[in-house]
Each structure stands twice: as C-alpha cells, then as structure tokens.
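Following this message is one structure expressed as structure tokens.
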Amino acid sequence: GAGVSQTPSNKVTEKGKYVELRCDPISGHTALYWYRQSLGQGPEFLIYFQGTGAADDSGLPNDRFFAVRPEGSVSTLKIQRTERGDSAVYLCASSLEGQGYYEQYFGPGTRLTVT
Amino acid sequence: AQSVTQLDSQVPVFEEAPVELRCNYSSSVSVYLFWYVQYPNQGLQLLLKYLSGSTLVKGINGFEAEFNKSQTSFHLRKPSVHISDTAEYFCAVLQGGSEKLVFGKGTKLTVNP
C-alpha cells in the first residue's frame, strides 16, 4: 500500500516568510510524528499527534512553529517568520496504534531552505 | 533525558567483509531500541527493533543487533556486506511510556568493491 507522503519535496523561501509543510500518513494510522533533520545530524523530535490532538509538542523549538491535524489524518507543519537556522529536512512519520505500534514509518521528507 | 551515541560517524569497508556499527544509549528503566537505514534521497526504513525477550534481534537484509543492558549498547552487525548496503544508519531509543524517538547522529557506511 501507499506509504507516508510529504509535500512539497523541496521548498525554498526567503527569511521572514511563512511556510506550510504537508504530511499524508498511511491510511488508518492514528499516530503521527514530525521530526527535523539538520545537516549531519540525526532526526530530532518535534511533535506527536494521537488522533487530532497534539499529545506531545515538547520538541517544537519556539512559538514560530505550529502543527495541526484537524481531521486526524493529514497534518500540516507551519513555520512563521522563517529564519536561516530553520533550514533542514522535515520528516513525518506515522504508526498504527496496537499493532507493532512502536514502529514509526517515515516519509521521504521536505527539504526546507531559507535564504 | 535520553541520549544516543553512535561512536563512528563514518565506516568504510570492503565488499563481503563483516561490519559492526556501534550504538550506546543513556541508561533508563525500560527502553526500546531501533536501527533505521537511510539510503540516499530516501526516507528512513526500519532495519530491526528490540522491545523485549531475546537480546539478539534479527532484521532485514541480513542485519542483526544485540541488546546489552549492562553495557547500555545495541550494536548492529552484518557478517558480509554488499555494495547495496552503502547508506546512513541511525540508532534510536524510545523510553517506555513515551512516543518520542531519540536518534543518534548516524553512521555512514560505505562499502567499496
């Protein structure tokens, strides 16, 4: 079946602009995660949704970052007033609660470049 | 807070040689351990995981890992590598009761002919 998809695959924006990154999880997966991978680093946790609600947003770096999942499926990560330090690959993952539920399936990522 | 240390940032090996990629994590009461692989321009793919039970875990593509609680290690091994194993490998830990994966910085495995 279809895996996790993320759009766009690449996004170039100017410093100070607003961006939205989209994640389509695997159908039926109730848990959704966002991670950020900077160059030469491993992915870092940002936020976790169970259904429509953010169960853990402890990884969001500051209030410029916000994520939603209004219908419990697609999620959007929103970044306001982008800074050059926000440049990274943003990864989305989903998992099916209750069946091997610790396995997170990752999408290909969105590469964000802030100029 | 949990942390994961991957001791080698790059590991070059020749084809058909054995390889070990090292991973240590900070101690906790209960943890779940994972190895992910990332091929160039692709997403992360799960190689194997340890949740409980046997400390030797077998994964896809001939990889295996051994959970060592006393040494807080979860090293990844393969007895004979192929060119196609060239990729970046990430060790990750998930603390019991949490849904937050904590990753190491990764090890770039390069298999040369």
Side-chain angles (χ1 to χ4, degrees), chain A residues 2-7 9-10 21 23-26 29-51 53-60 67 69 88-111, chain B residues 1-10 21-26 28 30-53 57 59-60 67 74 76 87-109:
Chain A
V4 177
S5 63
Q6 293 185 245
T7 53
S9 54
N10 280 284
L21 311 179
C23 172
D24 280 88
I26 293 171
H29 279 195
T30 60
L32 185 145
Y33 313 79
W34 284 98
Y35 292 84
R36 177 168 72 173
Q37 187 174 15
S38 301
L39 196 62
Q41 303 293 317
E44 291 179 295
F45 171 83
L46 294 176
I47 187 170
Y48 153 59
F49 286 90
Q50 180 53 49
D56 184 351
D57 65 357
S58 61
L60 294 177
R69 195 185 184 201
V89 176
Y90 289 80
L91 299 169
C92 177
S94 69
S95 71
L96 177 62
E97 293 288 299
Q99 285 192 17
Y101 52 87
Y102 290 117
E103 179 166 355
Q104 297 181 20
Y105 295 84
F106 283 80
T110 293
R111 183 175 299 277
Chain B
Q2 276 289 350
S3 65
V4 176
T5 303
Q6 291 185 244
L7 296 161
D8 306 296
S9 59
Q10 298 192 48
L21 306 183
R22 296 179 291 170
C23 172
N24 287 86
Y25 62 95
S26 55
S28 181
S30 67
V31 293
Y32 307 102
L33 296 154
F34 306 80
W35 275 99
Y36 281 85
V37 60
Q38 189 173 37
Y39 297 104
N41 301 316
Q42 293 188 30
L44 291 159
Q45 180 183 0
L46 183 67
L47 271 180
L48 50 78
K49 61 183 176 182
Y50 172 80
L51 301 183
S52 65
V57 180
I60 61 171
F67 169 59
F74 190 56
L76 181 71
E88 188 147 24
Y89 292 79
F90 292 93
C91 181
V93 62
L94 192 149
Q95 189 166 334
S98 168
E99 290 287 330
K100 182 188 336 187
L101 275 173
V102 176
F103 286 86
K105 291 188 176 182
T107 297
K108 276 194 184 155
L109 175 65

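Since this is a predicted model, take the numbers as computed values, not measurements. Below, chains carry the letters A, B, ... as their sequence lines are ordered, and counting in each starts from 1. FYI, side chains are in, hydrogens and waters are out, and symmetry mates aren't considered; it's all heavy atoms of this structure.
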Inset, instruction - Can you measure from CD (Q45(B)) to CZ (F106(A)) and round to the nearest 0.5 angstrom? - result: 12.0 Å

Inset, instruction - Compare all side-chain heavy atoms of E103(A) with those of F34(B) and state whether any distance is below 4.5 angstrom. - result: no

Inset, instruction - Could you pull out the closest heavy-atom pair between L101(B) and F45(A), with the gap in Å? - result: O-CB, 4.1 Å

Inset, instruction - Grab the two heavy atoms, one from Y35(A) and one from K100(B), that are nearest each other, plus how far apart they are. - result: OH-C, 4.4 Å

Inset, instruction - Tell me, for S58(A) versus chain B, whether the close heavy atoms (under 4.5 Å) come from the side chain, the backbone, both or neither. - result: side chain

Legend entry - Residue part contacting chain A, namely of Q6(B), when any heavy atom lies under 4.5 Å: neither

Legend entry - Donor-acceptor contact present, side-chain E44(A) to main-chain V102(B), <3.5 Å: no

Legend entry - Interface residue of largest heavy-atom contact number with chain B, from P43(A), G109(A), P108(A), under 4.5 Å: P43(A)

Legend entry - Engaged part of Q37(A) at the chain B interface, taking heavy atoms whose separation is under 4.5 Å: side chain

Legend entry - Interface moiety of L44(B) toward chain A, non-hydrogen atoms closer than 4.5 Å: both

Inset, instruction - Check whether more than 12 heavy atoms from other residues, nucleotides or ligands sit under 6.0 Å from atom CG of L39(A), and answer yes or no. - result: no

